[in-house]
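The sequence lines fix the lettering, A, B, ..., with proteins before strands; numbering per chain opens at 1.
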Amino acid sequence: MDKKTVTTISYLSRLKIDDGKEEKITKDLKNIINFVDQLNDVDTSNIEPLTNPLEKTAKSRTDEVTAKNLKKELLKIAPSSNEDYFLVPRVVE
Amino acid sequence: MTIKYKTIKDIKIMLSQKEISNAEVIQEVYKLIKENNHLNAFVTLNEDNSIKKAEALDNKPSNLPLAGIPIAQKDLFCTKGLRTTCGSKILDNFVPPYSATVIKNLENAGCISVGKTNMDEFAMGSSNETSNFGNVQNPWGENLVPGGSSGGSAAAVAAGIVPAASGTDTGGSIRQPASLCGITGLKPTYGRISRWGMIAFASSLDQAGPMARTAEDCALLLNEMCSHDEKDTTSLNEDIPNFEENLNSPLKGKKIGIVKDIDLSSLDDDVVKIYEDSLKEFVSLGANLVDISLPNLSLSVPTYYVVAPAECSSNLSRFDGVKFGHRSNNPKNLEELYVQTRSEGFGDEVKRRILIGSYVLSAGYYDAYYKKAQQVRRLIKNDFDSAFSDIDVIMTPTTRGTAFEIGSKGSDPIQMYLEDLFTISANLAGLPAMSIPNGNLDNKPTGIQIIGNFLDESSILNFGHMFQKSTNWHMYTPEGAKQ
């Protein structure tokens, strides 16, 4: 974990690190990664990963509309919208 | 007649015997909120609506199980028409067009949602110091943290403002603040309560639960909060028992697992003594102590700090300034809209966790960190599975000490992460666990944690209730013991 890695992961996370905070955050992340590195000492050969405590297969359901159409309400709470769409800065020139 | 420090059960009796009207109950809640403004426990109030609902109940009485009971809702649950911030600047203007299933369940049972409680931003914190809306003060002391992340909910109950609050618990966020504020808080089995409408932090760990003054009140709340919900794919489709039924079952012959692997020497001597006194109390009630081993328990915190940030980085990618919430002013292009919105909207701790999550999930590191942590997670769960073959519940202290001072954990995040040492394993294994008050040190409450087997909330509520019938730690308030 160094400044270069922090630059890469902040790009992946779509986050900008303030100039003054780079050093502190690099140090924090390094400490956290060092802390979780103790997991490497554990023998986990032949152990299946546990992704969810229920371990149940998600059930499928019929593809029916069950929710009310909230288009108006949802567009109303958007930072920028017109009658039909969410608006963002121009993507295609 | 006052409702201050009263339980749900007390208020139900006061209402049914017409000692107080529904409107008077709610009016007093808002009076108490104002008197306790310095606690900063609430982010948004729902005053007009709540008073209207109470007046309607006075005009037309209801037989609903929790009719007219005031409840404070953690600001992480979507509430239709009522601002929901999750303690974050990125949602400071968000008014959801729908309510979470658990909020609907509570309101359908008659509860009145009086307001939204302060919390660590996106539930990431153990002291309520990461909230965009400022620290919450613990009612037990001016400079003390209430714990976190459900710190506002815990403070509101501890100050006697409301008899009940909702919370959520991803690594201890109900139990740790319950312990630090001297109240009772229960994290149910993963999947018991629908996560639909709960703002997601770490989806395989998050679980909502009740916070109240007593185990009995937690049972009343849990009865209404649980439901099978098709909108949440991890919602359990299991029988939901009546959680009140087993409360008074005798503890004679029941077995409490005591974890040999926990090193209590790092705890304050007085905290250990209080814990051991509580165990003696359970023995005097007829229970037996059995040594058990959870050899991988010490790996819970490092496992959690891979799994939770990974899931958080994925869940929080939805906050991009496009459809709702905060948006940065005048971005030059779409990329800048995302980056600026997120950089302005998230606080330091949330950013740290997103970055760690992106790191452990990135190509080349996925197997070394994320997969490895999930394998260790199974080892931890296997330990619990074998322990529970022979015992009814497991007990540990809830926290390493009593409420600490605001700012005292310094700037090293790991010191704060270790605050959840005893609570995190229940989330990793999906087990129900509760904290109840069990003592008082220098006028600060302590808590004991009771962990149950999968789906066995009834047993932990039974142990909690029997303890509270023979002790009065749950009756202690910042103003002294109440009858």
Open item on the list: Is there a side chain to side chain contact (heavy atoms under 4.5 Å, CB included) between B/Glu335 and A/Arg14? Walk through the geometry before answering.
Closed with: CA-CA 8 Å; B/Glu335 179 73 12; A/Arg14 297 297 185 274; 3.0 Å; yes

Task: Worked verdict on A/Thr51 versus B/Tyr370 for side chain to side chain contact (heavy atoms under 4.5 Å, CB included) - done: CA-CA 10 Å; A/Thr51 51; B/Tyr370 190 57; 5.5 Å; no

- [ ] For B/Arg353 and A/Ile32, run side chain to side chain contact (heavy atoms under 4.5 Å, CB included): C-alpha distance rounded to whole Å, both residues' side-chain angles, the deciding distance at 0.1 Å, then the answer.
- [x] CA-CA 10 Å; B/Arg353 298 211 196 179; A/Ile32 295 168; over 6 Å; no

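Remark: the backbone N or O of A/Val42 is paired with a side-chain donor or acceptor of B/Lys372 at under 3.5 angstrom.
Sorted by first then second residue, the side-chain hydrogen bond (donor to acceptor under 3.5 Å, both in side chains) pairs that include residues 27-40 of chain A, not counting sequence neighbours, are A/Lys24-A/Asp28, A/Asp28-B/Arg352, A/Asp37-A/Asn40, A/Asp37-B/Tyr369.
Interface remark: A/Lys21 contributes side-chain atoms only to the contact with chain B (heavy atom separation under 4.5 Å). Contact annotation for A/Phe35: both backbone and side-chain heavy atoms come within less than 4.5 Å of a heavy atom of chain B. Contact of B/Pro331 with chain A is made through backbone and side chain together, with heavy-atom distances under 4.5 Å. B/Glu238 touches chain A through its side chain: at least one heavy atom from C-beta onward sits under 4.5 Å away, while N, CA, C and O do not. Proximity to chain A (any heavy atom under 4.5 Å) is shown, for B/Leu455, by neither the backbone nor the side chain. Neither the backbone nor the side chain of B/Tyr304 has a heavy atom closer than 4.5 Å to any heavy atom of chain A. Both the backbone and the side chain of B/Lys323 come within contact range of chain A, with heavy atoms under 4.5 Å apart. For a residue to count as touching a neighbouring chain, one of its non-hydrogen atoms must lie under 4.5 Å from one of that chain's; by this rule B/Leu236 touches chain A with the side chain only. For a residue to count as touching a neighbouring chain, one of its non-hydrogen atoms must lie under 4.5 Å from one of that chain's; by this rule A/Thr5 touches chain B with the side chain only. No part of B/Asp320 comes within reach of chain A, as not one of its non-hydrogen atoms sits under 4.5 angstrom from that chain. For B/Ala368, the part lying near chain A is the backbone, with the side chain staying farther off; criterion is any non-hydrogen pair under 4.5 Å. The part of A/Val91 that comes within reach of chain B is its side chain, from C-beta onward, which places non-hydrogen atoms under 4.5 angstrom from that chain. Using a 4.5 Å cut-off between heavy atoms, A/Leu75 does not touch chain B at all. Of the atoms belonging to B/Val301, heavy atoms from both backbone and side chain fall under 4.5 Å from chain A. Of the two parts of B/Leu334, the backbone and the side chain both hold a non-hydrogen atom closer than 4.5 Å to a non-hydrogen atom of chain A. For A/Asp43, the part sitting under 4.5 Å from any heavy atom of chain B is the backbone (N, CA, C, O) and nothing else.
Your options are A/Val36, A/Thr44, A/Asp18, and the one with the most heavy-atom pairs under 4.5 Å with chain B is A/Thr44. Across B/Val376, B/Val306, B/Ile414, the residue that shares the most heavy-atom pairs under 4.5 angstrom with chain A is B/Ile414. With chain B as partner, the option from A/Ile17, A/Asn52, A/Val6 having the largest number of non-hydrogen pairs under 4.5 angstrom is A/Asn52. The candidate from A/Leu50, A/Ile25, A/Leu12, A/Leu29 with the greatest count of non-hydrogen atom pairs under 4.5 Å with chain B is A/Leu50. Ranked by non-hydrogen atom pairs under 4.5 Å with chain B, the options A/Ser10, A/Ala78, A/Pro89, A/Pro79 are led by A/Pro79. When each of B/Thr233, B/Asn382, B/Asn333 is checked for heavy-atom pairs under 4.5 Å with chain A, B/Asn333 comes out on top. The greatest number of non-hydrogen atom pairs below 4.5 Å with chain A, out of B/Gly430, B/Pro302, B/Ser317, B/Ala373, is found for B/Pro302.
With a 6.0 Å radius and a threshold of 12 heavy atoms from other residues, nucleotides or ligands, A/Asp2 has its CG atom above the threshold. Environment of OH in A/Tyr11: sparse, with no more than 12 heavy atoms of neighbouring residues, nucleotides or ligands closer than 6.0 Å. Atom CG of A/Asp19 sits in a sparse spot, with 12 or fewer heavy atoms from other residues, nucleotides or ligands closer than 6.0 Å.
A/Ile47 approaches B/Gln375 most closely through the heavy-atom pair O-NE2, 2.9 Å. Closest approach of A/Leu39 to B/Thr303, counting heavy atoms only: CD2-OG1, 3.5 Å. The nearest pair of heavy atoms linking A/Leu74 to B/Pro97 is CD2-CG, 3.6 Å. Nearest heavy atoms, B/Val95 versus A/Ile77: O-CG2, 3.7 Å. What you find for A/Pro49 and B/Arg378 is that their closest heavy atoms are O-NH2, 3.2 Å. Across all non-hydrogen atoms, the minimal contact from B/Ala429 to A/Pro53 is O-CB, 3.7 Å.
Under 4.0 Å is where a charged nitrogen must lie from a carboxylate oxygen, and between B/Lys80 and A/Glu73 no such pair does.
Side-chain contact check for B/Glu230 versus A/Thr66: every heavy-atom pair is 4.5 Å or farther apart.
Atoms CZ and CD, from B/Arg377 and A/Glu48 in turn, are 14.5 Å apart once rounded to the nearest 0.5 Å. Atoms CZ and CG, from B/Phe346 and A/Leu15 in turn, are 7.0 Å apart once rounded to the nearest 0.5 Å.
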Which atom pairs, one a donor and one an acceptor, fall under 3.5 Å between side chains of residues 354-364 of chain B and the rest of the protein, sequence neighbours left out?
| unit_1 | atom_1 | unit_2 | atom_2 | d |
| --- | --- | --- | --- | --- |
| B/Ser358 | OG | A/Ser13 | OG | 2.6 |
| B/Ser358 | OG | B/Ile354 | O | 3.1 |
| B/Ser362 | OG | B/Tyr359 | O | 2.8 |

